[in-house]
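Below: one structure, written as structure tokens.
A note on names: the letters A, B, ... follow the listed sequences, proteins ahead of strands, and every chain is numbered from 1.
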Amino acid sequence: MNETATSEHVAEPWTEGVEPLARIYGEPMVQLPLDLYIPPDAMAVMLDAFEGPLDLLLYLIRKANVNVLDIPMAPLTVQYLSYVEAMRSHNLELAADYLVMAAMLIEIKSRMLLPKARVLDGQDVDDPRAELVRRLIEYEQMKLAAHRLDEMPQAERDFDWVEVWVEKSMLQRLPEVCAEDLKNAWSGLLRQAKLHTHHLIAREELSVREHMGLILRQLRDNGGFVEFVAMFDLALGAPVLVVHFLAMLELAREQLLEITQTEAFAPIYVRLADGRVEH
Amino acid sequence: MAELNTDSNSPKSPGELKRVLEAVLLAAQQPLSLSDLRKVFADEMGSDVLRVLLDELRLEWAERSLELAQLASGWRFRTRAEFLPYLERLNPEKPPKYSRAVLETLAIVAYRQPVTRGDIEDIRGVTVATQIIRVLEERGWIDVVGHRDTPGRPALLATTKKFLDDLGLRSVTELPPLEIMNQTLDLANAQENP
Amino acid sequence: MAELNTDSNSPKSPGELKRVLEAVLLAAQQPLSLSDLRKVFADEMGSDVLRVLLDELRLEWAERSLELAQLASGWRFRTRAEFLPYLERLNPEKPPKYSRAVLETLAIVAYRQPVTRGDIEDIRGVTVATQIIRVLEERGWIDVVGHRDTPGRPALLATTKKFLDDLGLRSVTELPPLEIMNQTLDLANAQENP
């Protein structure tokens, strides 16, 4: 790449009498950078590569290797305008943004020609370039940040998320039932079969019924034949024992079990009436 | 394992090859066939070697949360069934519902236990399909507690402890009482049949 | 580790808990937050215990094909970059590279959020095509978080959690710090440019 900086070195033994185009940090610049000439075909590609006037300006400033805080407005404006002119001559659709920037550069350049107000420390109070410099620095920062972001590992480009297959059908989903569902089912039955007069279910009856099941299960699990006293767990307390006993009597009444005693004071046995053991 | 070294640029140990296979299979969106997997290694590995590596990989995962399944269209990692309930908690779906027949049968067993199938049919007024009883038995909610000493010795059904546990009840007596509701029903019936 | 035993139905060893975490994280369709993961254990595990288990799980995978990444919206397994060449042999189509315009717009939204389209245009010095915003919105990387109370009530854009997740970040503060710009721009930079 032919850099402006190199051009300056080439031009170092510059001859008196040649009027420099501009001075950059006091150094005379006698010719436009050589690389300002761009083959027409390359022009479209090149301009495509610029993200707008700020990008183009940054490129020109970098090429000149100048302090961004002390931009030589005259050569910069000249260079910028020649690019814009090149775009125009190649019938490229020139974005308004480029023209706005051109106007701004020219305005800054002309304000620079006005006598400067100076304060004691010699600093420019109101540099017409200040706003441009601020924008250039901010854009440059974002441009680099964009580059950094692009370098970071990115999902789908640099790595894949893992999403292991889940075969839902392997999960057996069981229906849930709550006590209220059962009550509703039962009341539906009552309404349907008009059983309401015959099936008043009280808590007491229910508890006896539950113990009927428990006793049958107890007998089944113990070979269908258990000593009477072994059927009662004294730790459960009197009310439960009474219900348990009532349940046993109810089972005997329904002939589901037999309670036998061979003689007085001999052990009492409880046996499943069907005499079989269910597994 | 001559094939492993045909790629002279990056000769890999079987361990490294398995890591590659694992990464590819874990990230894949569909089952990968042997030919897909050969592509992963730029067709420089024989199917026989691949098969050995896949089998070893499957064994490595045998005790873990996924299984490497060999399906018709190829190999694929999938979540083991035992972990699905945990996944379910993240995206709960509406559970299926039991049919009215199942619920009524369960209600009859719960409120009238122990009952025979005949009892249930008397109350419901229709034949009770074997399937209905089996659904409840397989759920572990009812079982046979004995047989009634009548012709045919029909089985007596009752609810189980698991039924109480699953419904969050300590005893059948905690089921909603029905006596008050019966009065309401009488009223409702009276209104229905003036 | 008192919390581990609060679920009396299924007390689990730390090893078993890690298998559950692993299964859930491997199957997840998005990063899982600590609160998601607590849901997996029916809210019976403290966040501190979970964090310890997650760290252990991450270490277990340190030498393997995946890494358990902690991201803005939670934890998720992803393939390690070194395995990408193999994955690409299966899916040769690469995701499109973003243009400089898209990347610069993204950088401005990321570092200056919340910003309006006008703010972006001020910084870039050019009109921002609707297409550019749309590309980033469709990727789910930026979205509208409000409106500035100025004429036209322009939409305020900000980056999303997905943006952070996809770049492996936990927060915007983890973005690379902005360069302090050199006053004199060096030639090395210039050579990278057109």
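Chosen from A:Asn184, A:Ile215, A:Leu214, A:Leu256, the residue pairing most often with chain B at heavy-atom distances under 4.5 Å is A:Leu256. Your options are B:Asp143, B:Asp166, B:Val102, and the one with the most heavy-atom pairs under 4.5 Å with chain A is B:Asp143. Residue with the most contacts toward chain A among B:Arg139, B:Lys161, B:Lys97: B:Arg139 (heavy-atom pairs, distance under 4.5 Å). For the set A:Asp160, A:Leu251, A:Val164, A:Val162, the entry with the most heavy-atom pairs within less than 4.5 Å of chain B is A:Val164. Considering only heavy-atom pairs separated by less than 4.5 Å from chain A, the leading option among B:Pro114, B:Ala158, B:Ala23 is B:Pro114.
Proximity to chain A involves both the backbone and the side chain of B:Arg148, based on heavy atoms less than 4.5 angstrom apart. Of the atoms belonging to B:Thr159, it is backbone heavy atoms, and not side-chain ones, that fall under 4.5 Å from chain A. With a 4.5 angstrom heavy-atom cutoff, B:Phe83 does not touch chain A via any of its atoms. Of the atoms belonging to B:Leu157, not a single heavy atom falls under 4.5 Å from chain A. For B:Leu66, the part sitting under 4.5 Å from any heavy atom of chain A is the side chain, from C-beta outward, and nothing else. Neither the backbone nor the side chain of B:Ile142 comes within contact range of chain A; no heavy atoms are under 4.5 Å apart. Interface remark: B:Leu87 contributes side-chain atoms only to the contact with chain A (heavy atom separation under 4.5 Å).
For B:Arg51, there are no salt bridge (Lys or Arg N to Asp or Glu O under 4.0 Å) partners at least two apart in sequence or on another chain.
Electrostatic pairing of A:Arg157 and A:Asp150 counts as a salt bridge here, judged by a charged N lying under 4.0 Å from a carboxylate O. Between A:Arg62 and A:Glu140 there is a salt bridge, since a side-chain N of the basic residue sits under 4.0 Å from a carboxylate O of the acidic one. Of the charged side-chain nitrogens involved, at least one lies within less than 4.0 Å of a carboxylate oxygen, so that A:Glu180 and A:Lys183 count as a salt-bridged pair.
The aromatic rings of A:His211 and A:His244 stand perpendicular to each other, their planes meeting at an angle above 60°, with 30° marking the opposite boundary.
Taking non-hydrogen atoms and a 4.5 Å limit, the residue list of residues 28-39 of chain B in contact with chain A is empty.
The CE atom of A:Met248 sits 10.0 Å away from atom CG of A:Leu216, with the distance rounded to the nearest 0.5 Å. In this structure, the separation between CH2 on A:Trp165 and CG on B:Leu26 is 14.0 Å, given to the nearest 0.5 Å. With values rounded to the nearest 0.5 angstrom, B:Leu21 atom CG is found 10.5 Å from B:Glu56 atom CD.
Of all non-hydrogen atoms in A:Glu51 and A:Tyr139, the two that sit nearest each other are CB-OH, 3.4 Å.
Within 6.0 Å of the CD atom in A:Gln255, the count of heavy atoms belonging to other residues, nucleotides or ligands does not exceed 12. Remark: B:Glu63 CD is loosely packed, at most 12 non-hydrogen atoms of other residues, nucleotides or ligands lying under 6.0 Å away.
Proximity of a side-chain donor or acceptor of B:Gln113 to a complementary backbone N or O of A:Glu210 within less than 3.5 Å is not detected.
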